[in-house]
Q: 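Supplied in structure tokens, the structure appears directly below.
Convention: sequence-line order gives letters A, B, ...; per-chain numbering from 1.
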Amino acid sequence: MVNLQPVVEDDRDSIDPEPVELDDSHLWLLERRPWTQRTNRRLPLRFRDVLPQPLPPLQSAIISQPISSPVESSLALSGQPEGSESNHPSLPSQDLSRPSHVDTPRNIFGLSRRVRSEVIPSPDPEDHVSAQDLSTIPTHDHPDSTRLFYPYPNRNAFLLGDWYWNDGVQKSQASFDRLMGIVGSPDFKPTDIRDVNWHKINNVLGSEDEWEWMDGDAGWTRTPVTITVPYQRRRGVPCEPLAGPRGYVIGDFYHRSLVSVITEKLSRLKESDLFHFKPSELSWQRAPDHTPIRVQGELYTSPAFINAHQALQNSPPEPGCNLPRFVVALMFWSDVTHLTTFGDAKLWPLYMFFGNESKYHRCRPSCHLCEHVAYFQAVGILSPIVSSWFTNRISYSFQILSKILLQSRTLVGKPLIDHS
Amino acid sequence: MTHCSRELMHEQWGIILDDDFIEAWQHGIVVLCSDGLKRRFYPIPMAYSADYKEK
């Protein structure tokens with residue numbers, strides 16, 4: 001996962017000069033000098049793969065004096081309108097007293113970071129970025145096996161449990177062979193299964209079918225949703241004076257409290273979680289004497305986040321509170337989700353991500369950075385009976401409405417459409 | 001149906017963005033982080049990329 005392709009400057013340096021160039025162009029390709037005899041071969045630059053490298057750490061940064069023109073030019077280059085700063089009421093003060101900033105040196109891709117701060121901010125999430133965070137190449141490290149095979153403590157216990165439950169109720173030769181395959185495997189260790197509490201595991205397995213997230217402890221709440229629907233009591237009867245929109249209870253809406261989700265997330269943060277409290281500007285320079293160009297990739301390097309952070313710092317603090325203040329960027333995502341390959345069972349979940357975290361981690365399911373926040377009810381994914389109820393109600397309403405319109409139309413002429 | 005979908009979506013978002021969240025959005029929430037420091041956080045919705053059932 002390379003942030004940016006390295007600058008392909010020239011391929012000429014990769015073509016090695018050959019001391020004696022024999023003219024063998026009159027020969028067939030196969031008869032020419034074998035390429036294996038060539039020495040000092042290197043791949044052309046465009047075929048060389050460069051391992052990803054983390055952004056430069058702030059420890060190596062240089063504290064500079066108040067920001068001058070380079071930032072404005074880089075902001076302009078990033079596509080932000082020239083006059084946009086004056087649109088923000090809280091920002092013009094920066095122009096008068098711009099804070100100092102911290103610049104990091106460029107890494108091999110020419111990327112550098114700039115943080116508006118008097119001192120080097122600590123902790124810096126980028127310090128904890130390892131090659132594993134940047135690369136999707138699998139490693140040989142075994143993940144925590146106790147969680148991988150939950151509720152079984154390890155792989156061998158899982159295999160035996162799988163054999164016990166899923167290999168049929170009657171013993172057969174094939175089943176016996178499979179059992180021998182498990183216990184005869186070189187990976188099988190009797191110590192793995194010596195102290196396993198099989199009864200407890202089976203109880204856990206049996207209780208997994210419960211609606212775990214419906215109890216109050218899991219943080220989910222149920223709220224009945226009521227919407228107003230144009231309502232007509234009987235078909236063919238003109239509107240009564242009291243008839244009008246009526247409330248209709250759609251059903252239970254399952255959701256979690258946003259504040260509790262955010263609080264839980266923030267209170268459990270560790271340094272290794274790479275959660276960016278402060279924004280930074282990411283710039284790219286082809287060479288040291290080139291103009292830096294803003295790189296847009298993460299939410300915490302975006303002008304929107306930087307402006308929000310600056311506006312928050314410039315705003316008056318809460319009365320009696322001098323705690324440091326930070327922006328938590330929420331990103332919502334939602335779409336209909338088919339639950340089965342056949343049939344039309346659907347859910348409409350609402351997910352929430354934190355924009356303070358890198359997109360490269362958010363997109364990895366193994367990082368568990370996605371929060372389920374709600375499951376939307378939709379009219380279309382309700383039961384067919386309810387949907388048809390809606391359709392009938394609404395078509396009644398339209399019929400009544402069109403009749404009224406057509407009746408008024410008959411005063412001046414013939415009705416155009418007969419809706420009876 | 002369009003009317004119902006719209007009403008339903010607005011109603012549900014009204015439930016999600018409850019008074020607690022509006023309070024946190026305006027005045028922040030103080031969280032004791034795992035490093036032992038208290039910080040005041042202001043949750044701001046910055047991206048909403050979602051499909052919506054029009055019909």
Q: Identify which part of A/Ala374 has an atom lying under 4.5 Å from any heavy atom of chain B, answering side chain, backbone, both or neither.
A: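 For A/Ala374, side-chain heavy atoms alone lie under 4.5 Å from chain B.
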
Q: With a 4.5 angstrom heavy-atom cut-off, could you sort out which part of B/Leu32 is near chain A: side chain, backbone, both or neither?
A: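 Contact with chain A is through the backbone of B/Leu32 alone.
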
Q: In terms of heavy-atom proximity below 4.5 Å to chain B, should A/Phe305 be classed as side chain, backbone, both, or neither?
A: both

Q: Need one label for A/Ile262: side chain, backbone, both or neither, based on atoms under 4.5 Å from any heavy atom in chain B.
A: side chain

Q: Taking ring pair (Phe, Tyr, Trp, His ring centres under 6.0 Å) as the test, write out the residues that go with A/Tyr351, two or more places apart.
A: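 With neighbours one apart ignored, the set is A/Trp333, A/His372.
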
Q: Fit a plane to each ring of A/Phe326 and B/Phe41, take the angle between them on a 0 to 90° scale, and name the class: parallel (under 30°), tilted (30 to 60°) or perpendicular (over 60°).
A: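 Rings of A/Phe326 and B/Phe41: tilted, 30 to 60°.
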
Q: Can you find a pair of side-chain heavy atoms, one from A/Gln377 and one from A/Trp348, that are under 4.5 Å apart?
A: no

Q: Tell me which of these, B/Arg40, B/Lys38, B/Met46, B/Glu7, has more heavy-atom pairs under 4.5 Å with chain A than the rest.
A: B/Arg40

Q: Between A/Thr226 and chain B, which part of the residue has a heavy atom less than 4.5 Å away: side chain, backbone, both or neither?
A: backbone

Q: Return the set of residues passing side-chain hydrogen bond (donor to acceptor under 3.5 Å, both in side chains) with B/Glu23 (not counting sequence neighbours), or none when no residue passes.
A: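 Listed in chain order: nothing, the list is empty.
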
Q: Answer whether the closest heavy-atom distance between the side chains of B/Ile16 and A/Phe376 falls below 4.5 Å.
A: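 Side-chain contact under 4.5 Å: yes.
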
